[in-house]
Visitor: 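Mind looking over this structure? Questions follow.
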Amino acid sequence: MEKPLYSIRMRSSRSERHISGAERLAQPEGLDALAAEMVRRALQHDKGQADKIVLTLEQIDPSEIVHLSLPDIRTVQATSVDQGRAAALSLLAAAGVNADAALNAMDIMSHGAAPDGDSMRGAMLIDANSGRRLENDRYRGVRVSRMDLDSSAEILLKNVLEPAGLDNTHVRDALVLATKVMHAPGVMAELCWSDDPGYTAGYVAASSLGYVRFPMLKPLGEIRGGRSFFVTPGADLPRLVRYLERQTVLVDRVGRFLPDERWPQ
Ligand code: PML
Ligand code: MG
């Protein structure tokens, strides 16, 4: 009989402010090590030491797992944050997102997408044509959950990321999340940059583009960041949110790792 699989996830905060989150899937014997690693991560974060850490462990029904492949990974080297953002906007347009909707989402992210001007705990949902925000809760947004890499894909990914100096949890976790999101019913593209003050990178992801990284999508020290999911007009929102938050996704294949590009070209 197959071993049971669990979703293990962590959310940490300080004085009610979101600090960090993590998502993994594991068999029972791997759970204690992952729990310890997640607690360590929450206590040693660039945004400060958490005063509340919530761990959730839940058994998953193996018949419900969707298997996906990582997209191709590209890195666009831009000369400044402004150039990086201009390149990201042009990619979002290439993926079919209305230019004003993309610019508006970027502007909201750079000013803090939560009503108090802080980063949101999850992602914004943005109508890809009108630019209208569609998420119910503008503090929480939509949190993508229940996904991981399997162990053989993990090794293959490490082998391509390590020589490029990119074998870190930011890249690994963002790739897994972006893979799940780009296969979501009704998501056209995603824009993300980190809310960690010490990490300036971000990406645009879409099934038509792959995962396109920008090493500098915000200034060093900036804590406002997050994610925008651009939604196809007329998409079934409850179905989309259910997929993002509840569908179990195991990434078990890798894509290509392409040479760096420059912007402006
Ligand atoms: C985060 O960890 O907060 C998001 C990181 C996004 C960019 C990851 C990368 O360098 O590709
Ligand atoms: Mg973060």
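Every number for a ligand or one of its atoms is a count from 1 in the order of the listing. What's counted below: heavy atoms across the whole structure, side chains too, no hydrogens, waters or symmetry copies.
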Visitor: How would you list, by chain and number, every residue that makes a side chain to side chain donor-acceptor pair (under 3.5 Å) with Glu245, sequence neighbours excluded?
Guide: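 Per chain and number, Glu245 pairs via side chain to side chain donor-acceptor pair (under 3.5 Å) with Arg140.
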
Visitor: With a cut-off of under 6.0 Å to the ring centre and 45° to the axis, is Lys180 in cation-pi contact with Tyr243?
Guide: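 Geometry flag: set, cation within 6.0 Å and 45°.
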
Visitor: Below 3.5 Å only, please: the N or O atoms of ligand 1 paired with protein N or O atoms, distance on each line.
Guide:
| from | atom 1 | to | atom 2 | distance (Å) |
| --- | --- | --- | --- | --- |
| ligand 1 | 2 (O) | His170 | ND1 | 2.7 |
| ligand 1 | 3 (O) | Ser194 | OG | 2.9 |
| ligand 1 | 10 (O) | Tyr199 | OH | 2.6 |
| ligand 1 | 10 (O) | Arg213 | NE | 3.3 |
| ligand 1 | 10 (O) | Arg213 | NH2 | 2.9 |
| ligand 1 | 11 (O) | Tyr211 | OH | 2.6 |
| ligand 1 | 11 (O) | Arg213 | NE | 2.7 |

Visitor: My understanding is that only residues two or more places apart in sequence, or in another chain, count here; which of them pass side chain to side chain donor-acceptor pair (under 3.5 Å) with Arg85?
Guide: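 Applying side chain to side chain donor-acceptor pair (under 3.5 Å) to Arg85 gives none.
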
Visitor: Just checking, any donor-acceptor pair under 3.5 angstrom between side chains of Ser80 and Asp82?
Guide: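 Note: Ser80 and Asp82 side chains miss the donor-acceptor criterion.
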
Visitor: Looking at Glu190, Arg213, Arg74, which one forms a side chain to side chain donor-acceptor pair (under 3.5 Å) with Tyr203?
Guide: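 Among Glu190, Arg213, Arg74, the one that satisfies the side chain to side chain donor-acceptor pair (under 3.5 Å) with Tyr203 is Glu190.
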
Visitor: Report the residues that fulfil side chain to side chain donor-acceptor pair (under 3.5 Å) with His18, sequence neighbours left out, ordered by chain and then residue number.
Guide: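 Residues passing side chain to side chain donor-acceptor pair (under 3.5 Å) with His18: none at all.
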
Visitor: I'd like to know if Asp173 and Arg41 make a salt bridge, using a cut-off of under 4.0 Å between side-chain N and carboxylate O.
Guide: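 A salt bridge links Asp173 with Arg41.
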
Visitor: The Mg ion (ligand 2) is nearest to which N, O or S atom of Asp196?
Guide: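 Answer by atom name: OD1.
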
Visitor: In Asp195, the N, O or S atom nearest to the Mg ion (ligand 2) is which?
Guide: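 This residue's closest N, O or S atom turns out to be OD1.
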
